[in-house]
Amino acid sequence: MFDLKKEIAKWRMTLSKKQTCDKSDLDELESHLGDEIDQLKLKGLSEQEAFLVAAHRLGNTDELADEFAKVNESLILRKKLFYAGCGIFACFAAICAADVIFKISILLAVALGLRGYTASTFGSVFAIILLGLIMILLYVVAKKNDFRGKWFSKTADSLKGKVILLTTALTLMIALSAVGIIFTSVVVHTVGVNEYAQIIKSTLFVKQFCWLIAPVILMIFLIYLRPSKEYKLA
Amino acid sequence: MSISKDLVAASAIPMILSILSEGNSYGYAIIKRVHQLSSGQLQWTDGMLYPVLHRLEKQGLIQSRWEVSKQGRSRKYYQIKKQGTEKLNVQKAQWQLVNSALNQLWEKKTCLT
């Protein structure tokens with residue numbers, strides 16, 4: 001059964017994926033397509049024939065996208081900068097999170113009454129295990145929710161969505177930093193500055209490892225979430 | 001008759017501006033008018049009209065507004081602005097100059113036979 005609405009939506013999606021048209025451009029082209037289809041139907045063509053002829057007359061989607069790219073240069077650049085900015089924020093948030101995980105581990109070691117090298121070793125191992133668990137959790141979440149990439153681009157398209165994303169990211173970063181500071185203060189308060197310095201010195205490598213691995217985990221997570229080549233309609 | 005790409009591209013702007021100076025219109029109607037004016041010889045790739053319209057709008061020669069028709073279809077209507085009319089007059093003068101020169105050459109040729 002030929003579904004006109006579905007075909008038009010598919011056509012729109014093909015063009016929209018090229019990322020060179022904004023919503024207004026797509027609406028205008030869709031309106032044109034609709035007008036042409038109506039005219040062709042009046043001439044006696046079936047819905048399917050009308051759609052095929054109209055889409056063909058409108059032009060090859062690749063060429064159309066290229067032409068629009070020339071006219072929407074600043075829009076495209078702004079979009080790219082936005083995504084780059086999001087990436088930087090996300091990286092930063094990942095590092096914050098890794099830092100907090102590390103601090104939780106140290107706090108736990110200290111809370112359990114451990115001191116010296118025992119504390120550092122326990123803290124390091126625990127941090128690695130915790131990071132591993134989070135990796136597994138992200139994997140499970142990504143597999144379960146089939147929001148592979150669609151959710152982000154849909155949200156990021158509207159201004160409201162952008163504001164929500166930005167606010168969430170900032171709140172998360174501030175909250176994580178605050179938690180980190182609190183944890184550190186508690187540890188220092190419990191074991192004193194010297195002991196704290198000892199623990200930090202012996203866990204330097206692990207801490208840096210956590211910092212470096214966090215963005216990598218984030219990247220793997222995002223790559224896993226990328227839309228598959230057969231981008232199905234919602 | 002297939003018209004050369006360059007000729008189509010060069011004539012697009014004066015044609016669009018002239019059509020809009022007849023009255024406000026939207027993309028689909030503009031294409032149909034061009035079609036009608038050239039008795040079907042000028043077949044623009046429909047979609048390519050819109051980047052041109054947007055470029056003209058960015059240059060401040062035309063402006064646009066969304067309107068909803070009685071049948072419920074939303075269309076973007078374009079209106080020529082004062083700057084557009086000025087540009088059109090300049091282009092008109094240029095085309096008429098070229099046309100007049102060519103006509104003189106071609107008229108001469110037919111006279112010889």
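Side chains are part of it too, since the values below use all heavy atoms of this structure and drop only hydrogens, waters and symmetry mates. Lettering follows sequence order; numbering is per chain, from 1.
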Nearest heavy atoms of [X] and [Y], plus distance in Å:
X: B:Y26; Y: B:K76; value: CB-O, 3.3 Å
X: B:P51; Y: A:V71; value: O-CG2, 3.3 Å
X: A:L218; Y: A:C91; value: CD2-N, 3.8 Å

Can you say whether [X] sits under 4.5 Å from chain A via the side chain, the backbone, both, or neither, judging by heavy atoms?
X: B:R75; result: both
X: B:L49; result: neither
X: B:S74; result: backbone

Looking at the rings of A:H32 and B:Y50, which for Trp means the six-membered one, are their centres under 6.0 Å apart?
-> yes
If you draw a 6.0 Å radius around NZ in B:K58, do more than 12 non-hydrogen atoms from other residues or ligands fall strictly inside?
-> yes
Heavy atoms of other groups near B:E22 CD, more than 12 under 6.0 Å = yes
At a heavy-atom separation under 4.5 Å, does A:D66 approach chain B through its side chain, its backbone, both, or neither?
-> neither
Checking heavy atoms, do the side chain of A:E36, its backbone, both or neither come under 4.5 Å from chain B?
-> both
Check whether any side-chain heavy atom of A:I106 sits under 4.5 Å from a side-chain heavy atom of A:F126, and report yes or no.
-> no
Atom pair OG1/CD of B:T45 and A:E67 - distance to nearest 0.5 Å | 9.5 Å
Is any residue of residues 45-64 of chain A within less than 4.5 Å of chain B by heavy atoms, and which ones?
-> A:R57, A:L58, A:G59, A:E63, A:L64
